[in-house]
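Just below is one structure, and these are the notes that go with it.
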Amino acid sequence: MMRIITFKKRSVPVYFPEEQQRSVERFNDKLKELEMNFDFRKKWKRIKSVEMVRDVAILQYSDGTKLYLEVS
């Protein structure tokens, strides 16, 4: 499945298995926690997509590198 998440005026697709719906909710909560983290906000501007694998969000940059973020 896919859902679009918007954070700081930037929308990014989030890909996840159907049974991981709750992990996407936790990812959204984690983004709210990181709202005042300026380093993360700078990184978010370069994110192309997000893939949820259990309790980890894999944020993929457009150059192919990845950033792993625990959401539990």
Q. Hey, mind stepping through Lys66 and Leu59 against side-chain contact (heavy atoms from CB on, under 4.5 Å) and telling me if it holds?
A. CA-CA 6 Å; Lys66 297 177 181 178; Leu59 292 83; over 6 Å; no
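Interatomic distance, Asn28 CG to Glu33 CD, rounded to the nearest 0.5 Å: 11.0 Å. Taking CG from Leu31 and OG1 from Thr6, the interatomic distance works out to 10.5 Å, rounded to the nearest 0.5 Å. Rounding to the nearest 0.5 angstrom, the gap separating the CZ atom in Arg10 from the CD1 atom in Ile5 is 13.5 Å.
For Glu25, the side-chain hydrogen bond (donor to acceptor under 3.5 Å, both in side chains) test picks out Arg3, with sequence neighbours left out. Every side-chain hydrogen bond (donor to acceptor under 3.5 Å, both in side chains) that Glu70 has, sequence neighbours left out, goes to Ser72. Lys8 meets the side-chain contact (heavy atoms from CB on, under 4.5 Å) test with Glu35, Arg41; sequence neighbours excluded.
Within the hydrophobic cluster formed by Ile, Leu, Val, Met, Phe, Trp and Tyr side chains joined at under 4.5 Å, directly or through other members, Ile4 is accompanied by Met2, Tyr15. Hydrophobic cluster of Ile58: the remaining members, joined at side-chain heavy-atom separations below 4.5 Å, are Val53, Val56, Tyr68, listed by chain and number.
A tilted orientation is assigned to the rings of Phe27 and Trp44, their planes being inclined by 30° to 60°.
Judged as a side chain to side chain donor-acceptor pair (under 3.5 Å), the pairs with a partner in residues 45-62 (not counting sequence neighbours) are, in order, Arg26-Asp55.
With a 4.5 Å cut-off on side-chain heavy atoms, Val14 and Met1 do not count as touching.
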